[in-house]
K.L.:
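So that we are looking at the same thing, I have put the structure below in structure tokens.
Start at 1 and go down the list; that is how both ligands and their atoms are numbered. Since this is a predicted model, take the numbers as computed values, not measurements.
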Amino acid sequence: MAATQIPEVVLESSNGRRTMPVLGFGTAADNLQPEVLVAAVLDAIKLGYRHFDTAAVYGSEQSLGEAIAQALKLGLVGSRDDLFITSKLWPNDAHPHLVIHALNKSLHNLQLEYLDLYLIHWPISALPGKLSFSIAEKDLMPMDFKGVWAAMEEAQRLGLTKSIGVSNFSSKKIEDLLSFATIPPSVDQVEMSPFWQQKKLRDFCKANGIVVTAFSPLGAIGTSWGTNYVLESKVLNEIAEARGKTVAQVCIRWVYQVGATLAVKSYNKERLKQNAQVFDWELSQEDLDKISQIPQRKMMLKEELISANGPYKSLEDLWDGEI
Ligand code: A2P
């Protein structure tokens, strides 16, 4: 298998100007068998992937850690420093006094001494205790953004993570964060695909030196929260056919070409390989114009975070109109 050279971007606020490979491998999946994930990560490393994305709530940290340990043992990578590993703080742990503990738990699961990037998973907190993917309405709490961010900064200063950032934050929520942050977020990881292009957020992040990472760039097809309208899009299929590429490659190339980075999932070696073959060709201006005309449709609204007594009373509140 020939390895692809994946381009990298500099994370300006990282400890030591860390670079991040623009194409990452995502590990959020329903009921994925640990051995399938371990095998896919090893295949991905052989194909040239170096950036792996997980989260405390995905249940994939342990398998990813196992795969990293095996890759090091097999000599597939020279050292841990050659990899870029992201994990995320779940709302149950998004309290100032719990951040470092939660990060240490992720490190323990991953068998690592440091993360490359640690993200606040959602702009909301929940009753401390067991992490649960679906949070009961009564457990939703407003986040102490200042206190949680200060703890994230402390984690970076302590070297537990090289960079810190956020996920699912609107431009307004980042703007608020920037008003008190002493270390600005390096990354905002959000839903982004040709069907949810995030133009406003991308412009805001660019102006503030923040890298946008797209999750579900293929619409997370095949997952319980995913959709088929991205890969079945007529416009994208026409562009793919004309270029002799697949729709997945068109989506991935589009994210890269508009200046964002991405975490894509595949547990299939051929598709992993295909998804990395997007750096030696281009979409034309005409292709980009056609994609920019695609009617927008957000896949993940996260209605379960809306509650009369919680911090967000409406989807407008949660997304600050970026919906
Ligand atoms: P599979 O693991 O069978 O390849 P997203 O990255 O938007 O979350 O989408 C992930 C989903 O897209 C997975 O179900 C994955 O299935 C599928 N997928 C990944 N790469 C491709 C591809 N090149 N062509 C078609 N489906 C793909």
Side-chain angles (χ1 to χ4, degrees), residues 1 4 6 21-49 51-55 57-60 63-64 67 86 88 119 121 133 167-168 187 189-198 212-241 243-258 260-281 283 291 294 296-302:
M1 279 190 284
T4 304
I6 296 174
V22 298
L23 177 64
F25 175 110
T27 66
D30 304 305
N31 307 319
L32 190 67
Q33 296 299 313
E35 57 276 16
V36 174
L37 180 59
V38 171
V41 170
L42 292 173
D43 281 339
I45 290 176
K46 288 180 200 154
L47 288 164
Y49 288 77
H51 170 181
F52 295 89
D53 180 272
T54 182
V57 82
Y58 296 165
S60 56
S63 306
L64 177 56
T86 304
K88 312 189 192 81
L119 305 177
H121 208 145
F133 193 76
S167 182
N168 300 299
V187 166
Q189 185 180 124
V190 291
E191 176 185 344
M192 179 176 158
S193 76
F195 277 76
W196 194 247
Q197 299 188 7
Q198 298 275 18
V212 171
T213 299
F215 72 71
S216 303
L218 312 181
I221 192 165
T223 64
S224 55
W225 66 91
T227 173
N228 54 3
Y229 57 65
V230 178
L231 292 189
E232 289 178 5
S233 150
K234 185 163 175 283
V235 175
L236 297 178
N237 273 280
E238 282 167 5
I239 294 172
E241 201 172 319
R243 300 243 148 256
K245 303 293 173 190
T246 67
V247 178
Q249 287 175 314
V250 169
C251 291
I252 295 167
R253 177 71 206 185
W254 172 81
V255 171
Y256 175 60
Q257 227 169 299
V258 298
T261 63
L262 66 166
V264 192
K265 287 195 293 285
S266 179
Y267 304 103
N268 169 285
K269 201 190 288 183
E270 274 315 304
R271 288 192 284 279
L272 273 169
K273 186 174 177 188
Q274 180 197 115
N275 294 350
Q277 289 172 340
V278 293
F279 300 110
D280 57 355
W281 56 277
L283 292 166
I291 294 174
I294 292 178
Q296 296 296 282
R297 193 168 163 190
K298 187 160 173 41
M299 172 190 78
M300 193 182 279
L301 292 171
K302 225 43 189 181

K.L.:
Applying a heavy-atom cut-off of 4.0 Å, say which part of Asn275 lies close to ligand 1: side chain, backbone, both or neither.
P.N.:
side chain
K.L.:
Just to verify, which of Val57, Thr54, Leu119 counts as forming a side chain to side chain contact (heavy atoms under 4.5 Å, CB included) with Lys88?
P.N.:
Leu119
K.L.:
Which is closest to atom 6 (O) of ligand 1 in terms of heavy atoms, Gln277, Lys265, Lys269?
P.N.:
Lys265
K.L.:
Treating Asp43 as the side-chain partner and Val38 as the backbone partner, does any N or O pair qualify as donor plus acceptor under 3.5 Å?
P.N.:
no
K.L.:
Does Pro217 approach ligand 1 within less than 4.0 angstrom via side chain, backbone, both or neither, non-hydrogen atoms only?
P.N.:
both
K.L.:
Between Phe25 and Phe52, what is the ring plane arrangement, given parallel below 30°, perpendicular above 60°, and tilted in between?
P.N.:
tilted
K.L.:
Just by distance, no angles: are the side chains of Gln257 and Arg253 close enough, under 3.5 Å, to form a donor-acceptor pair?
P.N.:
yes
K.L.:
Calculate, to the nearest 0.5 Å, the distance between atoms OG and CD1 belonging to Ser233 and Ile294 respectively.
P.N.:
4.5 Å
K.L.:
Taking only heavy atoms of Val264 into account, list the atoms of ligand 1 that are under 4.0 Å away from them.
P.N.:
6 (O)
K.L.:
Give the residue, atom name and distance (to 0.1 Å) of the protein heavy atom nearest atom 12 (O) of ligand 1.
P.N.:
Ile221 CG2, 3.3 Å
K.L.:
Using side-chain heavy atoms (C-beta onward) and a distance below 4.5 Å, is Leu64 in contact with Val41?
P.N.:
yes
K.L.:
Measure the distance from atom 3 (O) of ligand 1 to every protein heavy atom, then report the residue, atom name and distance (to 0.1 Å) of the closest one.
P.N.:
Arg271 NH2, 2.7 Å
K.L.:
Starting from atom 2 (O) of ligand 1, locate the nearest protein heavy atom and write down its residue, its atom name and how far away it is, to 0.1 Å.
P.N.:
Tyr267 N, 2.8 Å
K.L.:
With heavy atoms only and a cut-off of under 4.0 Å, state how Ala220 meets ligand 1: side chain, backbone, both or neither.
P.N.:
both
K.L.:
Gly219 to ligand 1: N or O pair under 3.5 Å?
P.N.:
yes
K.L.:
Using a 4.0 Å heavy-atom cut-off, say whether Leu231 meets ligand 1 through its side chain, its backbone, both or neither.
P.N.:
side chain
K.L.:
Report yes if Gln274 has an N/O atom closer than 3.5 Å to an N/O atom of ligand 1; otherwise report no.
P.N.:
yes
K.L.:
Fit a plane to each ring of Phe195 and Tyr229, take the angle between them on a 0 to 90° scale, and name the class: parallel (under 30°), tilted (30 to 60°) or perpendicular (over 60°).
P.N.:
tilted
K.L.:
Testing the basics here: between Pro34 and Ser63, what is the closest heavy-atom pair and its distance to 0.1 Å?
P.N.:
CB-OG, 3.4 Å
K.L.:
May I ask you to check if ligand 1 and Ala248 share an N or O to N or O distance below 3.5 Å?
P.N.:
no
K.L.:
How about Gln296: does its CD atom have over 12 heavy atoms from other parts shown lying under 6.0 Å from it?
P.N.:
yes
K.L.:
At less than 4.0 angstrom from any non-hydrogen atom of Ser216, what atoms of ligand 1 do you find?
P.N.:
5 (P), 7 (O), 8 (O)
